[in-house]
Structures are given as structure tokens and as C-alpha cells.
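Notes follow the structure.
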Amino acid sequence: METQALRAHTHFTDFLKPQQVVADLKAKDKVEAIEELLDVLVKQKVLANKKAVLTRIVDRENLESTAIGEGVALPHARMDAGGEIAVAVGRSEKGIDFEAHDGQKVHLVILVVWNPQLPGLFNHLFAGLARFLIRPENRQRLFQAKDKAQLFEILGEIELKLMQEEKIAHRAGVLRKLQEIEVKRKKATKEHQKELHKHAAMIREELDQSLLARFDKLMERYGFAVADVVEGVCQGCNINLSTQMYSAIEGSNDIYVCENCGKFLVSPRKKKK
Ligand SMILES: [Zn+2]
């Protein structure tokens, strides 16, 4: 987890120059938004291989939306783009459809490309961003900042201190997707397996080792690792959760662990239309 980059940086803007902030995205859809932000990074010379990065980010986006709800999306890719990390932030007044689970349009796009040699970097960034963005007043200030300078100033308030319990915050959708892929892999044809393996690898490199170890153990033992919570009952073992835990899980994208069966507890996903 500890890397050179993390020790040296404590604020989100340590990874961001004002020139990497776009106050008024012209993009009308998510691919255009990603491309617009990549162009900014190329211009700032922090990203070299735009085409490859764009493909990778769009592939990842299609696998599982990186919209975290409430008008924010974090498209990302773990690949070598020429440096340790490349970050760009774009705001859209009209909003862009990122197929968010809450159905809301995205007004703030934070794009992150980080080097595979820094495995913990994204979780570290993600935890800091999530902790800041969960507060409605912070989101509103970002959505309504009057210009690039003000937007950058607010982004400068985001601190990157990683707390233990936040390691698995806001990743329920990602873990659920991994399970979906692993279940499919068992029944897939050889050719399809290859593709599924690629998808699984893309998701795995975003998650902590300890979480993946638990996930694999559960998959091996039960054939599944992620359990929905329906009306306060863990669907993995049919045991009632405490009211406190249930209310924390309901509607959230955080991951909890069932005290009885040890499976990852998540809030059921709303059916897509
Ligand atoms: Zn359980």
C-alpha cells in the first residue's frame, strides 16, 4: 500500500495542476467526456498513449459504470501512461449520462490513470475522493463553482488520508461484477473464457489483496461471495442482521461483511430498464 507517491502527497491537488481542470466540458456523452479529458492530459504532457488509454478506460467503463452516484463519475485505468499518475477533472453543467445506478446525470468527471507499479494508489485516491464527495455541500460547491480557479481551489481541500475501514467503501458494484464474471467463467467456452479472464483481471487490479483473498476463498467454498440483503436478512445465510447494520447497507454502495457467514453484504441493485 505504501508507495513513494503516497508518502509524498497528502492532497488530491498534489496530483493535479489547474490546467488539468475543465470547468465546462463540451462533451455530450461519456466517451466524448473521457476523450476531452485525455486531450487535456496529452496537452499537459502527462499522458503519451492516448488511444490505448481511451480504449482501456472505455472498456472498463462498459464493464461496470464508474459513476458513484449523486452526479459524480470516476473513469479510470491502471496502465503505464508515461508517469506515475495522470489526473484530470471536468465539470458539465448539463450533465452527462454515465449509466449511473441512481439514474442521475454526471456533473463532475474525475479521470485517473495510474501506473501498475503503484497498486495502492487508486484505492488511496478513491477513499479520499469518496470521503469528500459524500457530503452534499461539497458536491454542490464543486457543481456551482464559478470558474476553473474556484473549482481547483475546492478540489484542493480534498485530503488523502487512508483510513482502515474505508478500504472497501463504495466498491460494492465492482465486487458484484467480479462475482458475475467468475460465475460465468465456469460455464464459458474456451474462447469466451479468455475474454472473461481479461475482464476479471481488469477488476481485480483495482481491489485490495486482502479483499480478493477473502473473495476467492468464499467463491471456492460456496460458489458465491457477495450476498444481497433483503428486508434485513442476509441472502447468503438467511440470518437477520442488526437493525443498525441493515440501515447502513440499505441503498449504499459500500461493502460489509456478514457476521454469521462471512460473505460480503451489499444492497440489492435496482433493476435496469
Ligand atoms: Zn450471512
Side-chain angles (χ1 to χ4, degrees), residues 1 60 63-70 72 74 76 99-104 119-120 122-131 133-135 162-188 192-193 196-197 199-273:
M1 177 60 61
R60 172 60 188 81
L63 203 55
E64 169 75 20
S65 174
T66 64
I68 59 170
E70 307 287 352
V72 181
L74 304 164
H76 55 265
E99 289 165 66
H101 294 307
D102 64 358
Q104 290 195 39
F122 183 68
N123 284 330
H124 183 77
L125 265 182
F126 194 97
L129 288 169
R131 189 170 46 233
L133 294 166
I134 202 159
R135 303 184 81 98
L162 188 64
M163 284 185 227
Q164 204 64 15
E165 77 271 18
E166 278 168 324
K167 277 188 183 173
I168 54 174
H170 297 271
R171 312 306 315 264
V174 178
L175 202 63
R176 186 196 292 274
K177 187 73 200 180
L178 182 59
Q179 172 170 297
E180 200 182 298
I181 295 167
E182 295 294 359
V183 168
K184 267 192 205 158
R185 253 173 92 175
K186 285 188 191 146
K187 303 176 233 165
H192 194 200
Q193 254 180 15
L196 290 170
H197 179 78
H199 289 168
M202 216 190 298
I203 295 223
R204 280 177 176 274
E205 58 194 23
E206 293 176 17
L207 297 166
D208 276 357
Q209 281 311 318
S210 59
L211 189 142
L212 284 172
R214 177 190 272 275
F215 175 86
D216 286 331
K217 210 186 273 173
L218 287 165
M219 287 301 283
E220 201 184 319
R221 191 174 303 165
Y222 304 105
F224 70 108
V226 179
D228 280 340
V229 178
V230 178
E231 286 171 11
V233 177
C234 166
Q235 299 301 295
C237 65
N238 284 316
I239 293 287
N240 270 301
L241 307 179
S242 69
T243 320
Q244 200 181 6
M245 194 172 205
Y246 177 43
S247 61
I249 294 169
E250 208 185 5
S252 93
N253 190 29
D254 294 348
I255 304 164
Y256 293 81
V257 172
C258 176
E259 285 172 7
N260 183 54
C261 69
K263 296 191 184 85
F264 295 110
L265 295 171
V266 297
S267 182
R269 181 177 287 178
K270 279 178 230 147
K271 289 267 180 293
K272 273 189 196 162
K273 275 159 261 163

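Numbering of residues begins at 1 and proceeds along the displayed sequence. Start at 1 and go down the list; that is how both ligands and their atoms are numbered.
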Does [X] reach the main-chain N or O of [Y] with its side chain, forming a donor-acceptor pair under 3.5 Å?
X: Lys263; Y: Phe224; value: no
X: Arg214; Y: Phe264; value: no
X: Gln179; Y: Ala225; value: yes
X: Asp102; Y: Gln104; value: yes

Item to check | Proximal protein heteroatoms (N, O or S) of the Zn ion (ligand 1), under 2.8 Å | outcome: Cys234 SG, Cys237 SG, Cys258 SG, Cys261 SG
Sequence neighbours excluded and cut-off under 3.5 Å, please list the side-chain donor-acceptor pairs for residues 231-243, or say none.
residue : atom : partner : partner atom : Å
Gln235  : NE2  : Val233  : O            : 3.1
Ser242  : OG   : Met245  : N            : 3.2

Checklist entry - Does the side chain of Glu64 pick up a donor-acceptor pair with the side chain of His101 at under 3.5 Å? => result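 Side chains of Glu64 and His101: pair found under 3.5 Å.
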